[in-house]
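Since the structure comes first, as structure tokens, the remarks are kept for the end.
Keep in mind the model is a prediction, meaning the values are calculated, not measured. Proteins come first, then strands; the chains are lettered A, B, ... in the order of their sequence lines, and each starts at number 1. Below, all heavy atoms of this structure are taken into account, side chains as well, without hydrogens, waters or symmetry copies.
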Protein chains: 2
Amino acid sequence: MTDVMDQTVNPNAAQLPADVLNQDCPSRTVLRHLTDRWAPMILTVLAPGQPVRFTELRRTVQGVSPKVLTETLRSMERDGLVTRRVTPSVPPRVDYLLTDLGASTVEPLAALRRWAEANVGEVQRNRRRYDREQAEGLIASPCGQAPP
Amino acid sequence: MTDVMDQTVNPNAAQLPADVLNQDCPSRTVLRHLTDRWAPMILTVLAPGQPVRFTELRRTVQGVSPKVLTETLRSMERDGLVTRRVTPSVPPRVDYLLTDLGASTVEPLAALRRWAEANVGEVQRNRRRYDREQAEGLIASPCGQAPP
DNA sequence: GTAATCGATTACCTCAAAGTAACCAAGGGG
DNA sequence: CCCCTTGGTTACTTTGAGGTAATCGATTAC
């Protein structure tokens, strides 16, 4: 659960301005958690501000296993992005909701998600073109003969 | 190099609007590449628009190995985010520069990077508080006696 | 002659993240 | 009596992303 990179490796880096390009800057761990496999999707679901139950999250974020969903939510709770609210009942009810800090990630992450959704077509075309050109270059020269 | 998720698993999902929450939507692969470990940092360095040499990239993005830098750049070239420009000389010179598509990722990714750099302090405080509260709950009850 | 440069590639290894499957308690419904 | 529910946990396995170190070829600088 705890992360090796949570601590600053180089003690001299402690009070310098944060810079993800700097190997020792702890902002790298923050960026990595934000870009964890499931975190952007979870934050997308929580973005409207309504509390969401564990099982509903599990259904909405398609393909996530309960183990990984729990782990990711714990990590986000530890970072202060979400609040876990337990209602003791049978069956138990647990809601997750954004903190103010978590809510401030919604805009940047939504922009990234929108970019991916808007440009998936162009990216796929680029990939096909690249793979085709790679194959051409490897198999034969323009005249149908093997390259020198 | 090629990616299993590059193809749509469910053929019926082909022409639906892109949605990262959908397990079969190829936009998920796009989002994942954008959030690859080194991609946001590489795009940060290329953001100004000037071509950047391989070795300069290697120096600026601290901690990246040549192998992984090559892999990441290839993947970004395949997706159409960067252009690789070779100048045959001795020693060889290779520049990388953003395509228009790549340039359009700069804003969203820079916003994410800025968030990480701006909030690293608060996140670290949250982590310390969470870990402290966890330790308290596990070790002793408020009266110094073991919990029932 | 030999060291350094650049932009890789290769083989190999490691480790953390993710996946799988089983199980839990405490009740309610059939 | 058995199974369903919720929100997990545990143990185990898999994967793949990433890291390490060595090497390359062609040339210039020392």
Side-chain angles (χ1 to χ4, degrees), chain A residues 1-6 9 23 28-29 31-42 45 51-78 82-97 134 137-138, chain B residues 1-6 9 23 28-29 31-42 45 51-78 82-97 134 137-138:
Chain A
M1 198 70 63
T2 58
D3 190 322
V4 183
M5 278 175 68
D6 285 357
V9 176
Q23 199 164 7
R28 278 200 176 175
T29 72
L31 185 58
R32 285 207 81 184
H33 280 187
L34 236 39
T35 57
D36 270 351
R37 169 152 203 186
W38 301 104
M41 302 188 219
I42 292 171
V45 177
V52 181
R53 295 183 70 167
F54 184 85
T55 302
E56 194 184 341
L57 218 37
R58 186 156 150 50
R59 271 194 304 267
T60 314
V61 178
Q62 290 177 16
V64 68
S65 72
K67 179 197 155 221
V68 173
L69 181 55
T70 298
E71 285 173 357
T72 308
L73 285 168
R74 284 283 187 285
S75 166
M76 293 169 68
E77 190 192 3
R78 188 165 95 102
V82 303
T83 304
R84 182 167 176 270
R85 202 176 58 189
V86 182
T87 307
S89 63
V90 174
R93 176 189 183 98
V94 179
D95 291 287
Y96 292 90
L97 51 115
Q134 285 298 99
L138 285 174
Chain B
M1 199 68 65
T2 57
D3 192 323
V4 184
M5 278 176 67
D6 284 358
V9 175
Q23 198 164 8
R28 279 199 176 176
T29 73
L31 185 58
R32 285 205 80 185
H33 280 186
L34 236 40
T35 56
D36 269 352
R37 169 152 204 188
W38 301 103
M41 302 188 219
I42 292 172
V45 177
V52 180
R53 296 184 69 167
F54 183 85
T55 303
E56 194 184 342
L57 217 37
R58 186 156 150 51
R59 271 194 303 267
T60 314
V61 179
Q62 290 178 17
V64 67
S65 73
K67 179 198 157 219
V68 173
L69 181 56
T70 298
E71 284 174 358
T72 308
L73 285 167
R74 283 284 186 286
S75 166
M76 293 169 67
E77 190 192 3
R78 189 165 94 101
V82 304
T83 304
R84 181 168 177 271
R85 201 175 59 186
V86 181
T87 307
S89 63
V90 173
R93 176 189 184 98
V94 181
D95 291 287
Y96 292 90
L97 51 117
Q134 286 298 100
L138 284 173

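Between R84(A) and dG8(D), a side-chain N or O to OP1/OP2 separation shorter than 4.0 Å is present. R58(A) has no side-chain polar atom (N or O) that falls below the 4.0 Å cut-off from OP1 or OP2 of dT5(D). Distances shorter than 4.0 Å separate some side-chain N or O of R37(A) from OP1 or OP2 on dG19(C). In this structure, R32(A) does not reach the dA17(C) phosphate: none of its side-chain N or O atoms is under 4.0 Å from OP1 or OP2. Taking 4.0 angstrom as the limit, R74(A) places a side-chain polar atom (N or O) nearer than this to OP1 or OP2 of dG8(D). Side-chain nitrogen and oxygen atoms of R53(B) include at least one within less than 4.0 Å of the OP1 or OP2 phosphate oxygen of dG7(C).
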Under the side-chain contact (heavy atoms from CB on, under 4.5 Å) criterion, do R28(B) and Q23(B) qualify, and how do the steps go? CA-CA 8 Å; R28(B) 279 199 176 176; Q23(B) 198 164 8; 4.2 Å; yes
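Here the C1' atom of nucleotide dA21(C) and the CG atom of L69(A) are 17 Å apart, to the nearest Å.
Put simply, the side chain of M76(B) does not reach to within 4.5 Å of the side chain of H33(B), judged on heavy atoms. Counting only heavy atoms from C-beta outward, the side chains of V64(B) and I42(B) never approach each other to under 4.5 Å.
T55(B) comes within 4.0 angstrom of sugar-phosphate atoms only, judged by non-hydrogen atoms across all strands, and of no base.
Candidate nucleotides dG19(C), dG8(D), dA8(C) were compared by shortest atom distance to the side chain of F54(B), and dA8(C) ranks first. Candidate nucleotides dA18(C), dT9(D), dG7(D) were compared by shortest atom distance to the side chain of T70(A), and dT9(D) ranks first. You'll find that the side chain of Y96(A) is closest to dG8(D), out of dG7(D), dG8(D), dC6(C). Taking only side-chain atoms of S65(A), from C-beta outward, the nucleotide of dT20(C), dT6(D), dA26(D) with the closest atom is dT20(C).
Just one of W38(A), Y96(A), F54(A) meets the side chain to side chain contact (heavy atoms under 4.5 Å, CB included) condition when paired with L69(A); it is F54(A).
Residue K67(A) places a side-chain atom within donor-acceptor reach of the base of dA18(C), judged by atom type and a 3.5 Å distance cut-off alone.
Both P92(A) and D36(A) sit near DNA chain C, but only D36(A) has its closest nucleotide nearer the 5' end.
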